[in-house]
Amino acid sequence: MQERITGSEALMLALKSEGVETIFGYPGGSIMPVYDALYDYTRGPKKAFDHILVRHEQAATHAAEGYARVSGRVGVAIVTSGPGATNTLTGVADAMLDSTPIVVIAGQVPIGALGTDAFQEVDLVGLAQPISKWSYQIRHAEDIAWAVSRAFYIARSGRPGPVVLDFPKNAQVETVEFKAEHVSFIRSYVAYPKLSDAAVQQAAELINNAKKPLALVGQGVELAGAQEELKTFLEKADIPAGRTMLGLSALPSNHPLNVGMLGMHGNYAVNLKEQECDVLIAIGMRFSDRVTGNVKTYAKQAKIIHLDIDKSEIDKNVKTDVAVVADCKESLPAITALLQKADHHEWRESFKPLNEQERQKVIEPAIHPKDGPLLMGEVVNAVAEQAPDDTVLVTDVGQNQLFATRYFKYLHQRSICTSGGLGTMGYGMPAAVGATFGGDGRTVVCFMGDGGFQMNIQELGTIMEQQAKVKMILLNNNYLGNVRQWQDMFWQRRKSFTRMLNPCYELIAQGYGVGYEAVTDRSSLHDAVGRMLAADGPFILECAIKEDDDVLPMTPPGKNVDDMMLSLS
């Protein structure tokens, strides 16, 4: 007869059968049986996992996101019930909008106490359902193997996303004869739609007849592992390609067909050319409002081809002429096989005068200023010049994110972790922790503003304990910089509660045993960056930034994409 084990140990075996190696979490009363089981599975002969003790449950989810984004595996967070569970919801919503596969497992009061307002009881399934791919309550130990396998299958398959498992305490202590399950099919869930041959033919015909084709490359290419298929497609049809913020490392920065970043603060030429192309091919992206600007006037001259695995994205924001609903690792080669070898030299050359305008008016002044205080662009550029080619860029949210994504380099796949859809301040530091565990030794640099740095500043404790080699670049301008820029531009310079009185970050770094250096002038910037990158361990490089440094170019909110501004005057 098979040995009976507790539900908590069954969870350990179920996670092990899914290939989990790293868990981010925080213990508490309603998850204590699981943590007792975890004790044996993080040491000794049963060791299967590394558990990273974060300092806040929100950080556990962001760390799981960073791990997933860099490794391509499912990130895992384990927390307790009540506030422990509700603290994860921001990370769950962030992962949902950015298609990041994580599984959050939260303790819950015993099922006999549900509905009694028991201590730290909350309806987690009800809260999580609208912001997750699946949320489920494991009410009995016999359901653990099935629920965990189903959770991981849903999280990683199709369009990835977060799954939340609510785990009542009775199911954690009940005994069960465990047998691993491997869910690979759910009748009501079509993870990989069947590719339509007719749609492939229609797409290929439009591309073959195009005079001014333009590709918009999103994170879906990286999620599908289709970077090589993308390059083959673009090169055969000679199609210039812009990349969304989350898709920046789907195509190398130095690829000749890469024409820059899309969006409100993207590159000038590619944004204007969206309004000139005759065929626009969107690949694994969702036509976010930050990309399209005023959707009523967006790319009206173009035939739109949309490649996406998620049918719900088709025609949601932009009307599509041809929809190719499938995994782009399958759809891209199918279309490529029908393409004629093309040469769009004249069309590609037309980007260059616009690129030169941006270089002269925006890029050179931002990365090579002649005098005055330090600028964010020059700090990002200094790090990019010295960092290894496979470095992982992590950002927080705000001006630091916009400057970092614009001026960093992307030469290796899965090289960017940033909060795109939700725009979560406080994302950067915990996501960088996760990236160090998922990055297989790659250098991890994390750009943060003084606002976002303080939102999850307690994770310096996690960094200290783990000696996670995160290189943190603190761009300190004593403002909530992005909000301040909008106040200056659109609110008559009424700076309502955006100036910040900041602590002494050097003392904070000392308290956490983290390396620290301050840069106040550009003459010392290059060497300080070198020392940060060479440091054996975590490091904070605080840079004193010009207070009114503005991100440009910019398409004002609600304006047409070709209303992009190169200056504020």
Side-chain angles (χ1 to χ4, degrees), residues 11-25 34 49 57-58 60-79 85 88-106 124-125 127-138 143-167 180-193 219-220 222-225 246 284 286 308-310 312-313 327 329 414 417 419-422 430-431 434-435 437-438:
L11 175 65
M12 299 298 105
L13 295 178
L15 293 174
K16 185 178 177 180
S17 72
E18 293 296 330
V20 173
E21 296 177 351
T22 305
I23 296 169
F24 304 92
V34 167
F49 315 117
E57 292 91 352
Q58 180 186 347
T61 55
H62 293 326
E65 287 185 275
Y67 177 89
R69 293 272 279 272
V70 175
S71 69
R73 305 173 71 181
V74 178
V76 178
I78 299 180
V79 301
T88 68
L89 293 177
T90 296
V92 172
D94 193 278
M96 187 68 177
L97 280 168
D98 286 353
S99 304
T100 305
I102 65 172
V103 171
V104 176
I105 301 166
L124 180 60
V125 171
L127 289 169
Q129 269 183 337
I131 56 171
S132 63
K133 277 190 78 175
W134 185 53
S135 61
Y136 179 77
Q137 188 173 78
I138 306 174
D143 299 327
I144 290 170
W146 169 84
V148 170
S149 182
R150 183 182 172 106
F152 275 78
Y153 174 65
I154 291 173
R156 68 163 67 99
S157 62
R159 180 179 182 175
V163 170
V164 175
L165 293 178
D166 194 37
F167 197 15
E181 293 197 27
H182 295 285
V183 173
S184 59
F185 172 77
I186 300 171
R187 185 175 60 182
S188 59
Y189 169 58
V190 181
Y192 300 97
Q219 188 194 194
E222 290 218 292
L223 295 175
L246 294 183
R286 59 188 177 87
D308 206 287
I309 198 169
D310 185 353
S312 71
E313 290 296 344
D327 189 328
K329 195 171 181 69
R414 293 189 174 272
C417 295
S419 175
L422 199 62
F437 286 93

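Any value given below was found using the heavy atoms of this structure, including those in side chains, with hydrogens, waters and symmetry copies removed.
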query = Do K133 side-chain atoms and V163 backbone N/O form a donor-acceptor pair below 3.5 Å?
reply = no
task = Report the C-alpha separation of Y189 and W134 in whole Å, then their side-chain angles, then the decisive distance to 0.1 Å, and conclude whether the side chain to side chain contact (heavy atoms under 4.5 Å, CB included) test is met.
result = CA-CA 11 Å; Y189 169 58; W134 185 53; over 6 Å; no
inquiry  = Please find the pair of heavy atoms, one from S419 and one from D94, that lie closest to each other, and give the distance.
reply    = OG-OD2, 2.5 Å
ask   = Taking side chain as C-beta onward, heavy atoms only, is V103 less than 4.5 Å from V20?
value = no
task = Determine yes or no for a side-chain-to-main-chain donor-acceptor pair under 3.5 angstrom, with S135 supplying the side chain and V125 the backbone.
result = yes
request  = Using a 4.5 Å cut-off on heavy atoms from C-beta on, say whether the side chain of Y153 contacts that of H182.
outcome  = no
ask   = Taking only residues two or more places apart in sequence or in another chain, which ones pass side-chain hydrogen bond (donor to acceptor under 3.5 Å, both in side chains) with S132?
value = none
ask   = Would you find a donor on one side and an acceptor on the other, under 3.5 Å apart, between the side chain of E65 and the backbone of A95?
value = yes
inquiry  = Go through it in stages, so that I can follow the logic: the residues are I105 and L15, the test is side chain to side chain contact (heavy atoms under 4.5 Å, CB included), and I'd like the CA-CA distance, side-chain angles, deciding distance and then a yes or no.
reply    = CA-CA 11 Å; I105 301 166; L15 293 174; 4.1 Å; yes
ask   = Is the closest side-chain heavy-atom distance between V104 and I102 below 4.5 Å?
value = yes
For residues 144-152, please give each side-chain donor-acceptor pair under 3.5 Å, one per line with the distance, not counting sequence neighbours.
unit_1, atom_1, unit_2, atom_2, d
S149, OG, E18, OE2, 3.3
S149, OG, E181, O, 3.2
S149, OG, V183, N, 2.7

query = Any donor and acceptor pair, going by atom type alone, linking the side chain of D98 with main-chain N or O of T100 inside 3.5 Å?
reply = no
ask   = What residue among R69, Q219, R159, E222 forms side-chain hydrogen bond (donor to acceptor under 3.5 Å, both in side chains) with S99?
value = R159
The single option from D166, L124, L165 passing side chain to side chain contact (heavy atoms under 4.5 Å, CB included) against Q137 = D166
ask   = Which pair of non-hydrogen atoms, one from A155 and one from P101, has the smallest distance, and what is that distance?
value = O-CB, 3.2 Å
Backbone N/O of A435 and side chain of Y67: donor-acceptor pair under 3.5 Å = no
